[in-house]
Amino acid sequence: AHRTSSQEEKKEDGVKWTQLEHRGPYFVPLYEPLPDDVQFYYDGKPLKLSLAAEEVATFYAKMLDHEYTTKEIFQNNFFNDWRKEMTSKEQKIITDLDKCDFREIHKYFVDKSEARKALSKEEKQKLKEEADKIQEEYGYCMLDGHREKIGNFKTEPPGLFRGRGDHPKMGMLKKRIMPEDVIINCSKDSKIPEPPEGHKWKEVRFDNTVTWLASWTENIQNTLKYIMLNPSSKLKGEKDWQKYEVARRLKDVVHKIRAQYRADWMSKEMKKRQRAVALYFIDKLALRAGNEKEEGETADTVGCCSLRVEHIKLHPKLDGQEHVVEFDFLGKDSIRYYNKVSVEKPVFKNLQLFMKNKDPADDLFDRLNTSILNRHLQNLMDGLSAKVFRTYNASITLQEQLKALTNSEDSVAGKLLSYNRANRAVAILCNHQRSTPKTFEKSMQNLQTKIDAKKQQVEEAQQELKKAEDEFEDTKDAKAEANVEKKKKLLKRLEEQLAKLNVQAMDKEENKQIALGTSKLNYLDPRITIAWCKKFGVPIEKIYNKTQREKFAWAIDMADEDFEF
DNA sequence: CAGATAACTTAGCATAAGGAAA
DNA sequence: TTTCCTTATGCTAAGTTATCTG
């Protein structure tokens with residue numbers, strides 16, 4: 001039972017808190033100059049750099065063994081920004097990146113990180129305590145009478161920007177955040193955080209209609225960054241709950257909406273047809289909305305509304321299927337979406353129409369954008385937007401798959417495999433991929449070795465059982481009979497262990513390039529999982545680790561085994 | 001209504017931590 | 001105890017959406 005203090009009674013619309021107190025961001029340590037014996041070389045000769053130029057040089061030096069330092073865009077962006085940090089004398093000398101030798105600096109940092117790993121237990125313990133102290137001091141805030149964990153309480157350190165995929169800004173200098181860049185948000189009557197000695201905040205404001213504690217503008221894309229609460233906080237938890245409640249409301253009207261967009265496929269208005277086909281993709285394939293992006297500012301990625309003609313191919317017939325659309329484009333984080341889908345005939349016909357007389361680089365839905373689409377969705381249901389379809393389809397798929405795959409007779413290990421498979425179906429739907437882990441082959445091999453060894457043991461146990469049975473046949477004495485029972489038990493245990501290992505191997509293989517975490521954390525209503533755990537006697541800890549249990553505390557409190565999404 | 005912006009969620013990867021094996 | 005491997009956590013980029021502005 002929760003006590004409700006006066007501070008957290010229902011707030012006015014848009015008001016997120018009544019009291020907020022915190023220490024402000026923790027600023028990452030200032031740059032420490034290199035020791036004198038670690039040198040930078042230009043054109044083969046040692047060159048002592050100014051402090052600012054040296055700091056930026058170390059950013060590059062640290063990345064030397066990454067592939068992206070070999071890319072021309074990265075090098076050019078870096079060199080441009082680096083030169084801005086140089087003294088005019090340095091600018092005159094250092095004109096060619098190819099003549100720069102950072103290897104000694106690189107080695108210095110490699111050695112340093114080795115040395116850190118090799119620290120004694122006591123020294124590591126001491127470092128841990130220092131980190132814990134910072135966490136304790138800066139990592140929490142008071143919000144409406146509750147002590148809440150902050151998500152990211154440290155400023156981001158300076159360095160070289162690494163975008164994902166083919167990013168035009170890769171290698172640019174990401175500048176150090178100073179207190180003078182930071183806006184503090186807290187309550188008026190709280191203890192206002194002190195800026196570091198000798199510094200001032202950019203601004204202190206008291207805005208209770210937003211949830212962030214501090215913000216600054218980042219210099220690469222000129223966008224805002226925020227310090228916000230951890231997912232375990234009440235504020236975030238309630239928002240998460242709301243999100244799933246909106247998705248559940250979609251469940252009630254989705255049939256109507258589907259009927260509507262099917263009808264709109266035949267509309268006289270091109271705009272409506274495009275909207276209806278896009279919505280079909282969003283619903284059926286769980287595509288993202290797809291905002292327009294400024295060219296040259298980001299990697300070239302698309303979502304549904306921003307698809308271009310070049311991203312799809314139409315096949316009237318393919319592999320025995322009709323009306324096949326072949327999708328091939330880069331989505332969020334430059335993750336490739338590749339899929340061949342048989343679509344309903346009117347969709348196919350419409351796509352042919354949308355593509356007529358267009359160049360490959362033209363927009364497929366030239367009369368549509370996310371704001372038109374979302375305005376339409378908002379009219380269909382309060383709170384509905386494109387992303388709700390992803391949440392809805394992900395959660396409903398989990399529920400259906402769990403129903404279809406779980407066998408109550410199975411062992412816990414078997415049930416977990418079913419759960420992972422249901423989770424995997426969702427991850428595939430949402431196209432949540434990962435690169436094959438570097439250690440994948442090796443760890444698969446290790447597992448195979450274990451399986452082989454277990455098989456051997458099973459065989460031996462079978463032979464021993466046979467022997468024991470033969471002996472009992474001969475002697476018919478009680479001792480021999482007991483021995484048979486013993487061997488049977490042993491064999492059974494070993495067979496179970498073998499089965500478990502096989503299940504593990506299967507799960508691992510199927511999961512090679514699929515990331516389950518994102519859907520688990522962001523798309524699957526946790527109450528579905530909790531209900532399933534309760535129904536089939538699977539401990540919740542087998543599915544959710546500590547952090548996840550904290551994030552989903554609201555659901556663990558709430559859901560019983562009868563919960564239906 | 002287009003375009004910009006603020007606020008917030010979602011995303012994969014790198015690294016740290018922790019637990020098992022040697 | 002040390003080493004090895006897996007899992008958890010931290011990090012911050014990259015999306016979505018509502019709202020504001022002219």
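Chain letters run A, B, ... following the sequence lines, proteins first, then strands; residues in each count from 1.
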Give the rounded distance in Å between these two atoms: [atom1] of [X] and [atom2] of [N].
X	N	atom1	atom2	result
A:R549	C:dT7	CZ	C1'	13 Å
A:K442	C:dC5	NZ	C1'	8 Å
A:K124	C:dT2	NZ	C1'	10 Å
A:N446	B:dA20	CG	P	16 Å
A:Q125	B:dG18	CD	P	10 Å
A:K551	C:dA8	NZ	P	16 Å
A:L516	B:dA11	CG	P	13 Å
A:D240	B:dC8	CG	P	15 Å

For the residue pair [X] and [Y], does the interplanar ring angle fall in the parallel (under 30°), tilted (30 to 60°) or perpendicular (over 60°) class?
X	Y	answer
A:Y337	A:F327	perpendicular
A:W82	A:F102	tilted
A:F552	A:Y544	tilted

Can you work out whether A:K438 or A:N369 has the more 5'-proximal nearest nucleotide on DNA chain B? A:N369

If each of A:E292 and A:H66 is mapped to the nucleotide of DNA chain B with the nearest heavy atom, which maps nearer the 5' terminus, i.e. the 5' end? A:E292

Which heavy atom of [X] sits nearest to which heavy atom of [Y], and what is that distance?
X	Y	value
A:N152	A:M228	OD1-N, 3.2 Å
A:P158	A:V28	CD-CG2, 4.4 Å
A:R434	A:N511	NH2-O, 3.0 Å

Looking at [X], I'd like to know whether one of its side-chain N or O atoms comes within less than 4.0 Å of OP1 or OP2 on [N].
X	N	answer
A:R336	B:dG12	no
A:K128	B:dA17	no
A:Y523	B:dT9	no

For residues 426-433 of chain A, dump all side-chain donor-acceptor pairs below 3.5 Å to protein atoms at least two apart in sequence or in another chain.
from, atom 1, to, atom 2, distance (Å)
A:N431, OD1, A:Q433, NE2, 2.8
A:N431, ND2, A:R336, O, 3.1
A:Q433, NE2, A:R336, O, 3.1

Quick one, give me the B/S/- string for nucleotides 10-22 of chain C, reading 5' to 3', where B means a protein heavy atom under 4.0 Å from the base and S means that only happens at the primed atoms, P, OP1 or OP2. --BSBSBB-----

Quickly, which of A:Y26, A:F27, A:F153 forms a ring-ring contact (aromatic ring centres under 6.0 Å, His included) with A:Y138? Name it, please.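 Looking at A:Y26, A:F27, A:F153, the match for A:Y138 under the ring-ring contact (aromatic ring centres under 6.0 Å, His included) is A:Y26.
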
Once you apply a heavy-atom cut-off of 4.0 Å, does A:K520 come out as touching a base, just sugar-phosphate, or nothing?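 Touches nothing.
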
Between A:Q548 and A:T439, just flag the one whose closest nucleotide in DNA chain C comes earlier from the 5' side. A:T439

Every protein N/O lying under 3.5 Å from an N/O of nucleotides 4-7 of chain B:
from, atom 1, to, atom 2, distance (Å)
B:dA7, OP2, A:W212, NE1, 3.4
B:dA7, OP2, A:Y226, OH, 3.0

For atom NZ of A:K243, is the number of surrounding heavy atoms from other residues, nucleotides or ligands below 6.0 Å larger than 12?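 Yes, the 6.0 Å shell around NZ holds more than 12 heavy atoms from other groups.
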
To the nearest 0.5 Å, tell me how far A:I528 CD1 sits from A:F565 CZ. 5.5 Å

